[in-house]
Every structure is written in structure tokens, then in C-alpha cells.
Amino acid sequence: MENGNHILTETGAFIHNAIQEDLKGRLNELVTRFPPEPSGYLHIGNAKAVYINFELAKIYGGKCNLRFDDTNPAREEGEYVKSIAEDIRWLGYDPQERIFFASDYFEKFYDCAVRLIEKGLAFVCDLTAEELRASFGGVDKPGTESPFRSRSVEENLKLFAQMKNGDFPDGSKTLRAKIDMASKNLNMRDPVIYRIARLHHHNTGDNWCIYPMYDFAHPLEDAFEGVTHSLCSIEFEDHRPIYDWYINNLDFEKKPRQIEFAKISISNTIMGKRFIKELVASGKICGWDDPRLVTLSGMRRRGYPPAAIREFLGTTGVSKALSKYEFDYLEHFVREHLAPVSKVVMAVLNPLKVVITNYAEGAEELLPLAFHNENDLGTREVPFCREIYIEREDFMEDPPKKFFRLAPGKEVRLKGAYFVTCTDVIKDADGNVTEIHCTYDPATKSGTGIEPPRKVKGTLHWVSAKHAIPITANLYDTLVLDAPDTESGVKENPSSLTQMPSAFAEPCLANATPSDRFQFMRNGYFCLDSGEGNVFNRVVSLKSSFKK
RNA sequence: UGGGCCGUCGCCAAGCGGUAAGGCACAGGACUUUGACUCCUGCACUCGAAGGUUCAAAUCCUUCCGGCUCAGCCA
């Protein structure tokens with residue numbers, strides 16, 4: 001879409017071909033689904049699946065369901081259901097009334113299992129978990145058949161009903177499919193269909209003490225909902241035979257088809273639920289919405305526009321090759337979306353006081369400045385007076401040859417104001433620069449034209465010391481990690497948050513809202529944090545071609 | 001090690017028998033009331049490797065080499 005590199009036209013050919021072939025002339029009958037387990041918050045990797053499923057439905061005029069795959073109460077919580085629905089809407093997709101829960105199908109799953117037993121395709125197995133595991137064999141050795149495999153249909157029916165009624169302790173029996181213990185595909189070695197576990201379910205409470213396994217439940221959920229194409233990630237490729245086995249043996253008229261694609265990941269980030277939970281629990285990050293995370297809620301808080309994420313996702317392509325994107329690539333789309341809507345303002349992150357010695361004490365003036373050069377984002381007036389702050393890094397006592405900014409005896413332009421020349425450097429006992437003195441040239445006032453024309457190499461942003469408002473600027477240079485992009489690296493170096501606690505911004509920032517986007521000149525794009533106080537998050541930084 | 005999947009520039013990614021798109025990154029240059037933004041320019045005689053088929057291959061065949069993935073009563 002946005003730049004022509006879209007799944008419709010250039011990628012995911014294997015998905016499109018399959019859909020075209022299966023649905024010849026009836027493409028609007030396409031039904032996809034996004035089936036998250038409510039056991040964590042959505043991150044950029046999950047967003048890819050959201051994007052593909054909803055976009056495909058949109059492209060073909062079909063439908064996309066949001067289905068919570070909540071068949072394991074041990075991991076799932078209502079909190080996650082809420083956050084997932086909210087994050088999907090924020091990303092730009094509205095499932096409306098098409099929100100389903102696998103747990104609403106528990107009764108139907110049970111009926112299907114009974115049907116399998118009646119057909120002689122499932123049996124109740126008394127093997128313990130350890131015995132079962134041992135009997136599965138390994139990648140290079142076949143499994144052994146369960147001694148309970150040949151129970152009669154009647155006995156299986158009776159036993160399974162008793163399992164449901166709670167006559168047996170947790171883990172004492174399972175319902176298993178009767179397929180092939182010698183299959184090269186481990187998933188086909190008489191897989192477990194139901195297990196006994198007295199767990200409280202967020203939706204069904206304590207109604208059930210047996211829960212279906214993913215491999216059994218998922219294809220049925222798809223079939224119940226009329227899903228035509230069940231898109232999942234590539235590690236489920238080995239599960240396709242079992243998916244088809246259940247679909248075929250339960251005689252569904254309309255058979256959904258599973259198609260796999262590779263997940264995406266981003267370097268220098270943590271996406272694993274387990275690791276994020278660890279970080280949250282240890283207090284190293286403030287929650288699933290920590291701006292250093294690539295969770296949707298984290299990116300939202302960080303200030304990423306959802307359209308930028310969608311565009312990023314649109315260019316990532318749908319393939320089976322594993323793809324790990326550099327962080328720069330994601331940020332590129334964020335910058336592109338921020339540039340036209342951000343108000344360009346002045347804020348000094350690391351202040352250095354400048355006294356303009358020949359500017360009258362007590363005098364001040366209001367200088368009009370546009371928020372943006374290209375788009376008409378309005379203007380504001382910026383107060384100017386004798387004492388101002390500039391960026392500490394914009395002054396060097398001993399500048400290298402190509403330093404265009406302020407240095408002793410050098411003249412620069414103050415954005416929207418005057419040319420100033422550095423006359424004195426004030427230091428403390430330790431030799432640290434605490435203040436610098438400048439003189440200004442009244443003839444160089446911005447916008448008045450200078451006669452004779454005079455040019456200056458550098459222009460600096462500044463704020464009036466008297467009028468500026470104090471802010472805290474949060475800089476996040478990488479999300480989560482500086483170092484290794486290994487999941488375990490998180491334990492060593494969880495944070496790349498830098499706070500600039502004594503930053504100052506021009507007065508107009510006092511009215512900022514979290515939905516506003518600002519460009520702090522050379523310092524990057526910022527937005528107001530949704531939390532307390534004047535805290536601004538750096539959404540992304542700009543590239544700097546100034547090298548010392 | 002057995003099965004499945006994958007291998008095109010530093011990172012992504014088009015291509016699907018007719019002689020290597022594009023984006024990010026990077027490097028030059030132009031412009032500039034910030035060195036940002038914008039705009040130009042450059043950036044794979046080569047498609048994991050080796051053979052073979054063909055007038056012609058990244059695209060077909062064979063073998064080999066790498067990477068990912070699977071042995072939860074998780075999803």
C-alpha cells in the first residue's frame with residue numbers, strides 16, 4: 001500500500017495462490033482468524049499475524065475473526081483478553097462482533113471427541129505422564145503402542161464420560177487419538193486429545209475438569225467458525241497432518257486449510273513472553289507497556305503511530321524464511337510518519353547557561369516562530385531575554401576544525417533570534433564550564449535581513465532561562481538492550497533508559513497532550529508520556545552526521 | 001543423528017527459464033535560520049557450494065554445505 005511493497009502485490013505469493021485456488025471466484029468467502037492465547041500482551045511479532053489475517057480479509061472482502069485460544073487455564077487471564085482486544089483496535093483493526101472464545105466451544109469439542117471414540121479412532125489411556133513420554137520414542141526411534149489402545153468403544157465411551165464427570169484424579173488418564181506410533185512425525189504418534197486437570201478457567205469457571213489439547217481444539221475451532229484459511233507460524237508445519245486428520249475424520253463439510261508463514265523478529269529486543277514476564281516481575285521494567293519494549297502497548301506509549309507500524313509490517317513480506325529486522329528499519333517508518341505531523345519546538349536536554357552581556361537587564365521580547373517549515377502547523381511566540389540555556393554539547397572550549405557551533409570568539413545564530421559571539425567562559429574550581437558569556441548583535445535579528453549580508457556556520461536551539469518550563473526527557477536508544485541480542489542478555493543489561501532530569505522546554509510545551517508529537521530540533525521526536533508530570537519520551541532520534 | 005522447513009548485497013526483499021527491482025544501512029554531493037529534513041549519486045558480472053540439462057539457469061535436476069524446527073497430559 002503506502003509504498004508499493006505490500007503483501008497484496010509483492011509478497012506472500014504462496015498464501016495468495018492457495019487462496020485463489022481454493023476459493024476460485026468466491027474470494028469474498030475468505031474467512032481468516034487471529035487466534036492469540038490470552039497469556040501475555042501482543043508484541044510486534046504477533047502484530048504481523050494480526051496484520052496478515054485482517055489485511056487478507058480486507059483485500060478479498062472476506063472476514064477475520066478474533067478468537068481467544070483459551071484452552072489452558074493454567075496460563076490464561078482475563079487481563080490479557082482485555083489488553084489484546086485493545087491493542088488490536090489501536091493497531092487499526094476492529095473485529096466488531098466477530099470476537100470468539102475457544103472456551104465457548106468446550107461442549108462441542110467434547111461431542112467431537114465422543115464421535116472419534118465411536119469411530120474407533122480414540123481411546124482412553126491410563127499411562128502416567130512419565131510412561132507416556134517414554135512411549136513416544138524419539139526423533140530417530142519409533143514409539144510403542146499403549147497397552148490400553150485396544151479398549152472397546154463401549155469401555156472408552158464410559159471411561160471418557162467418567163473423566164468428564166470428575167471420577168478420576170488429575171493426570172491419571174488421557175484421551176488419545178489412535179493414529180500411528182511409528183510415524184516419522186512425532187505429532188502423529190497417538191497424540192493426547194484431552195487431559196484431566198482441575199483448573200479454574202477465566203471464562204468457564206469450574207465447569208470442566210478435562211481440557212482439550214491445542215492440536216485437537218484448533219482445527220475444530222476453525223471449522224466451527226467457517227474459517228477457510230488458517231494462517232499460523234512455521235513451527236506448526238509439522239502439525240498440519242494432525243490438523244487435517246481431525247478435520248477429515250470428523251467429516252466437516254467445509255474444511256479449513258492450514259498455511260504457515262515465518263514469524264518476524266527485531267534485533268536488540270526481547271519478545272518472548274517468558275522474558276518479558278521476568279523483567280516485569282524483577283522490576284527492571286515498569287510493565288508490559290514499558291516504552292523500551294516492542295509490545296504494542298509499549299510502542300503506543302513510546303509514541304509510535306499505529307500507521308507506521310502497519311506500514312512497516314506491510315513491507316516485511318510474508319515468506320517462510322526467518323527474518324530478523326534491524327531496529328533502524330522499524331524506526332525509519334516511525335520517522336517518516338512523524339515528520340509531517342510533529343511540531344518543531346526548542347527544548348534543551350542538557351542545559352548550559354548563557355548570559356548575553358550586552359542585552360539589557362530585565363528586557364525581554366517575544367519572537368514569532370513557525371512550528372514547522374513545510375506544513376502549516378501554526379506558530380507560537382518564544383520569549384527571549386538576557387539569560388538563556390543552550391545544549392551543553394553545542395559549546396566546546398577547544399573545538400575541532402569542523403565544529404560549527406559555539407566556541408570562544410565564535411559567532412553563531414540563535415534560532416529565530418540573534419547572532420551571538422562567545423566572549424567569556426566561566427568555570428568552577430574543578431575546571432568545569434558552568435556558564436558562558438556572549439554578546440549579541442541587534443542588527444542580526446531574525447527575519448529582518450542583515451546589512452551587509454553576513455553568514456554564520458551554525459544555528460543553535462535555546463530556551464529562555466526565566467521562561468522555560470522544566471521537563472524530564474526519557475531517551476531510549478535501543479529498546480531494552482544495548483548488548484547482545486540474545487534473550488539471556490536481558491539479565492545482564494535490562495535497561496537503556498537515559499533520563500535527562502534537568503531539561504528545559506519553551507513555554508508552549510506546558511500545554512502538550514500525549515497525542516501531540518514534537519521534534520526537539522536535533523534531539524529527535526518526542527511525545528508527552530501518559531503518566532504523571534512533564535515527562536517526555538523520545539519516540540525516535542534523528543540521524544546525526546556530525547562526527548567529532 | 002530421523003522428519004519437516006529455509007538459504008538472492010551488512011539487514012530485509014522482488015524475481016519462478018531469457019541474461020539481478022526496491023527499501024533500510026552505508027559512502028559521496030547539493031540545499032538549509034542546526035550538521036536535521038529534503039534532493040541527487042554510488043552501492044551483488046552475481047543469487048550457500050559443486051556438478052549436470054539448455055542456445056540461455058537465481059530460476060529445472062543431482063549431490064554436498066549451512067541455518068531453523070520437532071520428542072508438554074503448553075499454545
Side-chain angles (χ1 to χ4, degrees), chain A residues 3-5 9-11 13 35-37 39 69-72 74-76 102 125 127-130 132-134 136-143 170-176 183-187 189 191-197 210-211 213-215 217-218 232-241 260 262 264 267 273 312 315-317 319-333 335 339-340 344 346 369 372-374 391 394 402-405 412-417 419 444 446-447 455-461 519 521-524 541-547:
Chain A
N3 73 352
N5 204 5
T9 56
E10 299 200 24
T11 61
E37 181 189 28
S39 59
D69 210 351
D70 52 355
T71 55
N72 179 12
R75 305 172 13 136
E76 298 144 13
C125 180
L127 253 29
T128 65
E130 298 70 47
L132 216 195
R133 196 175 309 125
F136 270 129
V139 290
D140 49 4
K141 56 176 185 292
D170 284 5
S172 61
K173 284 178 167 47
T174 55
L175 180 71
R176 293 221 269 156
S183 172
K184 299 269 192 204
N185 186 334
L186 282 342
N187 298 304
R189 319 244 258 229
V192 173
I193 298 176
Y194 265 97
R195 62 199 172 110
I196 304 173
I210 56 171
Y211 289 97
M213 303 296 292
Y214 167 88
D215 278 332
H218 206 87
C232 64
S233 44
I234 206 153
E235 66 266 33
F236 288 102
E237 228 159 10
D238 290 342
H239 296 244
R240 200 187 324 139
E260 309 82 15
I264 63 163
S267 55
K273 284 176 186 173
F312 162 75
T315 66
T316 57
S319 72
K320 290 197 170 192
L322 37 69
S323 32
K324 176 171 271 185
Y325 290 83
E326 289 177 343
F327 213 89
D328 277 330
Y329 192 62
L330 207 207
E331 290 199 323
H332 160 75
F333 294 99
R335 286 192 197 95
V344 178
M346 295 194 287
L369 243 60
H372 197 281
N373 298 325
E374 299 164 38
E391 212 68 69
D394 283 349
K402 287 251 186 170
F403 187 74
F404 298 164
R405 281 111 101 154
V412 297
R413 180 197 301 276
L414 294 177
K415 170 85 175 175
F419 284 12
T444 59
S446 179
K455 282 209 172 179
V456 95
K457 281 268 190 61
T459 302
L460 307 185
H461 54 276
Q519 185 192 331
M521 307 307 292
R522 216 190 279 116
N523 285 314
S541 53
L542 297 167
K543 293 169 213 168
S544 172
S545 54
F546 172 66
K547 284 144 200 154

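We use all heavy atoms of the structure for the numbers below, so side chains are in, but hydrogens, waters and symmetry mates are not. Protein chains get the first letters and strands the later ones, always in sequence-line order, with residue 1 at the start of each.
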Need the pair for [N]. Rule: Watson-Crick or G-U wobble, both distances under 3.5 Å, any strand; none if unpaired.
N	result
B:C73	none
B:C5	B:G67
B:C39	B:G29

Answer with base, sugar-phosphate or nothing: what part of the nucleic acid does [X] contact at a heavy-atom distance below 4.0 Å?
X	result
A:S39	nothing
A:L127	base
A:F236	base
A:G416	base
A:K457	nothing
A:L460	base
A:H461	base
A:F403	base
A:G447	base

Would you kindly give the [atom1]-to-[atom2] distance between [X] and [N], to the nearest whole Å?
X	N	atom1	atom2	answer
A:D394	B:U33	CG	C1'	14 Å
A:K324	B:C11	NZ	C1'	11 Å
A:R176	B:C73	CZ	C1'	10 Å
A:D328	B:C11	CG	P	14 Å
A:Y329	B:C24	OH	P	8 Å
A:K320	B:C6	NZ	C1'	10 Å
A:Y325	B:G23	OH	P	15 Å
A:H218	B:C74	NE2	P	17 Å

- Check ring-ring contact (aromatic ring centres under 6.0 Å, His included) between A:Y211 and all other residues, then give those that pass, not counting sequence neighbours.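 Counting only residues at least two positions away or on another chain, A:Y211 forms a ring-ring contact (aromatic ring centres under 6.0 Å, His included) with A:F106.
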When the [atom1] atoms of [N] and [M] are considered, how many whole Å apart are they?
N	M	atom1	result
B:U63	B:C5	P	15 Å
B:C37	B:A25	P	9 Å
B:C64	B:U41	C1'	42 Å
B:C24	B:U69	C1'	28 Å
B:C9	B:G23	C1'	13 Å
B:G51	B:A44	C1'	23 Å
B:U59	B:G28	P	37 Å
B:U8	B:C45	C1'	15 Å

Give a yes/no on whether any side-chain N or O of [X] is located under 4.0 angstrom from OP1 or OP2 of [N].
X	N	result
A:K184	B:G2	no
A:K543	B:A25	yes
A:S319	B:C6	no
A:T71	B:A75	yes
A:R195	B:C74	yes

- Item | Residue pair A:L186, A:F136: steps toward the side chain to side chain contact (heavy atoms under 4.5 Å, CB included) verdict | CA-CA 8 Å; A:L186 282 342; A:F136 270 129; over 6 Å; no
Give me the distances for all protein-to-nucleotides 29-31 of chain B N/O pairs that come in under 3.5 Å?
none

- Side-chain H-bond candidate by donor/acceptor type, A:N72 with A:R195, under 3.5 Å: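 Yes.
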Nucleotides 66-72 of chain B: which of its N/O atoms have a protein N/O under 3.5 Å away?
{"unit_1": "B:G72", "atom_1": "OP2", "unit_2": "A:R133", "atom_2": "NE", "d": "3.4"}

Counting side-chain heavy atoms from C-beta on, which of [options] comes nearest to [X]?
X	options	value
A:L542	B:C24, B:A36, B:U33	B:A36
A:T174	B:C73, B:A25, B:U34	B:C73
A:R522	B:U34, B:C6, B:C24	B:U34

- 5'-most contact on RNA chain B: A:S323 or A:A129, nearest heavy atom basis?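 Its nucleotide being nearer the 5' end, the pick is A:S323.
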- Want to settle it: does A:G171 or A:M346 sit nearer the 5' end of RNA chain B, counting the closest nucleotide to each?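 Between the two, 5'-proximity favours A:M346.
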- Item | Pairwise distance CD1(A:I210) to CD1(A:I196) - rounded to 0.5 angstrom |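 The CD1 atom of A:I210 sits 8.0 Å away from the CD1 atom of A:I196.
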- Task: Please round to the nearest 0.5 Å and tell me the distance separating atom CD of A:E260 and atom NZ of A:K320.
- Result: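 Result: 5.0 Å between the selected atoms.
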- Query: Mind checking what makes side-chain hydrogen bond (donor to acceptor under 3.5 Å, both in side chains) contact with A:H239, not counting sequence neighbours?
  - Reply: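 So A:H239 forms a side-chain hydrogen bond (donor to acceptor under 3.5 Å, both in side chains) with A:D215.
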- Can you list the residues that meet the side-chain hydrogen bond (donor to acceptor under 3.5 Å, both in side chains) rule with A:D394, with sequence neighbours excluded?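 Only A:R405, A:R522 meet the side-chain hydrogen bond (donor to acceptor under 3.5 Å, both in side chains) criterion with A:D394.
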- Message: Going by the glycosidic torsion and a 90 degree boundary from 0, is the base of B:G72 oriented syn or anti?
- Response: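 What B:G72 shows is a syn base, its glycosidic angle lying within 90° of 0.
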- Query: Syn or anti for B:C45, with syn set at within 90° of 0?
  - Reply: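 Syn.
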- Is any side-chain heavy atom of A:N523 closer than 4.5 Å to a side-chain heavy atom of A:E391?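 A side-chain contact under 4.5 Å exists here.
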- Message: Using side chain to side chain contact (heavy atoms under 4.5 Å, CB included), reason through A:K173 and A:C125 one step at a time and then give a plain yes or no.
- Response: CA-CA 6 Å; A:K173 284 178 167 47; A:C125 180; over 6 Å; no
- Item | Audit row: A:H218, A:T71, side chain to side chain contact (heavy atoms under 4.5 Å, CB included) steps and yes/no | CA-CA 10 Å; A:H218 206 87; A:T71 55; over 6 Å; no
- Task: Under the side chain to side chain contact (heavy atoms under 4.5 Å, CB included) rule, what do A:L542 and A:Q519 come out as? Steps first, then yes or no, please.
- Result: CA-CA 9 Å; A:L542 297 167; A:Q519 185 192 331; 3.4 Å; yes
- Query: What pairs with A:R75 under salt bridge (Lys or Arg N to Asp or Glu O under 4.0 Å), at least two apart in sequence or on another chain?
  - Reply: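 By the salt bridge (Lys or Arg N to Asp or Glu O under 4.0 Å) rule, A:R75 matches A:E37.
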- Query: A:Y325 vs A:Y329 aromatic rings, parallel, tilted or perpendicular, using cut-offs 30° and 60°?
  - Reply: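 Rings of A:Y325 and A:Y329: parallel, under 30°.
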